[in-house]
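Only this structure's heavy atoms are used, side chains among them; waters, hydrogens and symmetry mates stay out. These numbers come from a predicted model, not from an experiment.
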Amino acid sequence: MTTPKWTAADLPDLLDRTVIVTGANSGIGLVAARELARAGAQIVLAVRDEARGREAAAAIDGTTDVRRLDLADLASVRAFADGWDGEIDVLINNAGVMAVPERRTADGFEMQIGTNHLGHFALTNLLLPRIRDRVVTVSSGAHRAGRIRLDDLNWEQGGYQRWRAYGQSKLANLLFTSELQRRLAESGSSVRAVAAHPGYAATNLQNRTENVVQNALMAVGNKVLAQSDERGALPTLYAATQDIPGDSYVGPDGFQEQRGHPKLVGRSDAARDAGVARRLWELSERLTGVSFPLAPAAA
């Protein structure tokens with residue numbers, strides 16, 4: 001007898017739970033916000049464009065709040081965290097950019113590592129004392145092509161390659177999750193750090209590379225190969241609500257994890273390197289000025 005495939009219809013009752021979703025005004029983030037609200041959660045759409053965030057919130061049936069958050073600006077990240085009052089059940093680090101031309105964040109970081117990793121790194125650690133259940137960080141199958149450039153994380157020495165930079169940022173998401181889980185366990189916290197990836201899902205992320213040829217190819221791929229953003233959001237929803245171990249990684253169950261229903265999946269050897277994970281964490285602390293806020297558990 002086969003086991004039924006998990007869908008958003010299987011979400012548990014989330015009444016009175018507060019969930020922050022970064023980048024929730026479109027794509028997978030919006031679908032996740034909508035489905036979690038349908039299950040009863042109070043959703044905070046953490047978005048760079050508040051007008052678009054309010055428009056997205058208006059289409060969600062449930063309790064929502066829209067707050068400004070620009071992950072490419074640490075001042076904005078700190079303002080968001082400083083303005084937060086109350087507990088958080090789940091933080092979903094979903095927002096991101098993909099394969100964009102070389103440019104810098106407000107703090108001088110390469111845009112992809114700055115937005116996809118360093119912004120979420122700072123946000124998570126600033127909010128962590130208020131988080132009760134888990135942190136979900138959205139990575140990508142592209143992490144398998146990534147390499148962490150500890151000697152030049154921000155491509156300051158030239159030779160920028162947009163897809164290699166994207167792969168590095170997605171690998172950083174998984175290393176961050178592993179090291180966060182290790183630190184949480186060391187502190188005696190019950191909070192879990194987990195990760196997810198959507199497979200190949202059709203979202204507006206693919207038409208923002210600012211390269212006409214790439215955008216056109218991805219538009220074809222979205223129509224021919226990709227699954228919907230509704231299906232692409234399932235691993236995030238599963239990771240945010242199901243009883244899975246810390247440092248789990250959730251992705252689609254289909255061929256090469258490109259589409260399908262959520263299940264626990266593997267990761268590259270580079271994503272399992274605990275030494276690199278620790279060094280990346282230490283480097284991220286130096287770059288952002290934000291540290292892990294919980295003390296080790298008493299012996």
Side-chain angles (χ1 to χ4, degrees), residues 22-23 27-28 71-72 74 93-122 137-179 195-222 225-226 232 249 251 256-258 265-288:
T22 69
I28 289 167
L71 290 159
L74 290 178
N93 292 323
N94 164 80
V97 293
M98 182 178 74
V100 296
E102 184 175 11
R103 59 168 57 98
R104 301 281 147 180
T105 69
D107 304 281
F109 307 140
E110 185 274 315
M111 183 61 72
Q112 297 188 82
I113 196 71
T115 302
N116 300 352
H117 168 61
L118 292 171
H120 281 127
F121 175 92
T137 300
V138 179
S139 183
S140 166
H143 86 271
R144 296 182 180 279
R147 181 178 71 85
I148 301 299
R149 299 158 50 95
L150 291 170
D151 59 341
D152 189 21
L153 193 72
N154 287 298
W155 299 81
E156 294 168 321
Q157 297 174 21
Y160 177 78
Q161 297 179 42
R162 62 173 73 195
W163 283 106
R164 286 183 61 195
Y166 180 66
Q168 174 182 239
S169 73
K170 295 290 100 180
L171 175 57
N173 290 152
L174 286 176
L175 293 170
F176 162 71
T177 297
S178 295
E179 180 63 8
H197 82 86
Y200 187 0
T203 72
N204 61 6
L205 189 67
Q206 288 98 342
N207 62 17
R208 293 183 174 176
T209 68
E210 300 180 39
N211 180 291
V212 175
V213 175
Q214 284 188 166
N215 287 352
L217 290 173
M218 289 185 187
V220 173
N222 281 355
L225 302 173
Y249 187 31
Q256 294 186 339
E257 300 173 16
Q258 292 297 294
V265 297
R267 65 196 79 183
S268 68
D269 289 341
R272 298 179 181 276
D273 193 322
V276 171
R278 293 191 191 197
R279 291 195 292 276
L280 175 63
W281 186 285
E282 293 165 356
L283 176 58
S284 300
E285 287 189 335
R286 292 196 299 272
L287 290 171
T288 64

Check against side-chain contact (heavy atoms from CB on, under 4.5 Å), E179 and S284: CA-CA 12 Å; E179 180 63 8; S284 300; over 6 Å; no

CA sep, side-chain torsions, deciding dist, call: W155, R164, side-chain contact (heavy atoms from CB on, under 4.5 Å): CA-CA 11 Å; W155 299 81; R164 286 183 61 195; 3.9 Å; yes

Heavy-atom check, side chain of L153 versus side chain of Q168, under 4.5 Å: yes

side-chain contact (heavy atoms from CB on, under 4.5 Å) between V265 and H197, intermediate numbers included: CA-CA 9 Å; V265 297; H197 82 86; 4.2 Å; yes

Residues H120 and T137: side-chain donor-acceptor under 3.5 angstrom: no

Value rounded to 0.5 Å, distance of CZ in F121 from CD1 in I113: 11.5 Å

L171 to S268 - nearest heavy-atom pair and separation: CD1-OG, 4.3 Å

Check: N94 side chain, G23 main-chain N or O, donor-acceptor pair, under 3.5 Å: yes

Heavy-atom side-chain contact between D107 and L287 under 4.5 Å: no

Those residues that, when tested against W281, pass side-chain hydrogen bond (donor to acceptor under 3.5 Å, both in side chains) (two or more places apart): E285

Distance in Å, T105 OG1 paired with L71 CG, rounded so as to fall on 0.5 Å steps: 10.5 Å

side-chain hydrogen bond (donor to acceptor under 3.5 Å, both in side chains) involving E102 - partner list, sequence neighbours excluded: R104

Distance (rounded to the nearest 0.5 Å) between R278 CZ and S178 OG: 11.5 Å

From OH (Y249) to CG (N173), nearest 0.5 Å: 8.5 Å

Heavy-atom closest contact (N116 atom, A95 atom, distance): OD1-O, 4.3 Å

Aromatic ring pairing Y166/W163, orientation class (parallel under 30°, perpendicular over 60°, tilted between): perpendicular

Backbone of Q157 reached by a side-chain donor or acceptor of D152 within 3.5 Å: yes

Check against side-chain contact (heavy atoms from CB on, under 4.5 Å), L280 and H117: CA-CA 10 Å; L280 175 63; H117 168 61; 4.1 Å; yes

Closest non-hydrogen atom pair between A172 and I148, with its separation: N-CD1, 3.9 Å

Any donor-acceptor pair under 3.5 Å from N93 side chain to T22 backbone: no

Short side-chain to backbone donor-acceptor contact, K170 and V138, under 3.5 Å: yes

Distance in Å, M111 CE paired with M98 CE, rounded so as to fall on 0.5 Å steps: 15.5 Å

Shortest non-hydrogen separation from Y160 to A165 and the atoms involved: CE1-CB, 3.6 Å

Within 6.0 Å of CG in D151, more than 12 heavy atoms from elsewhere: yes

Considering all heavy atoms, the nearest G232-A201 contact: CA-CB, 3.8 Å

Gap between atom CG of D269 and atom CZ of R144 - 0.5 Å precision: 9.0 Å

Heavy-atom closest contact (A270 atom, L175 atom, distance): O-CD2, 3.5 Å

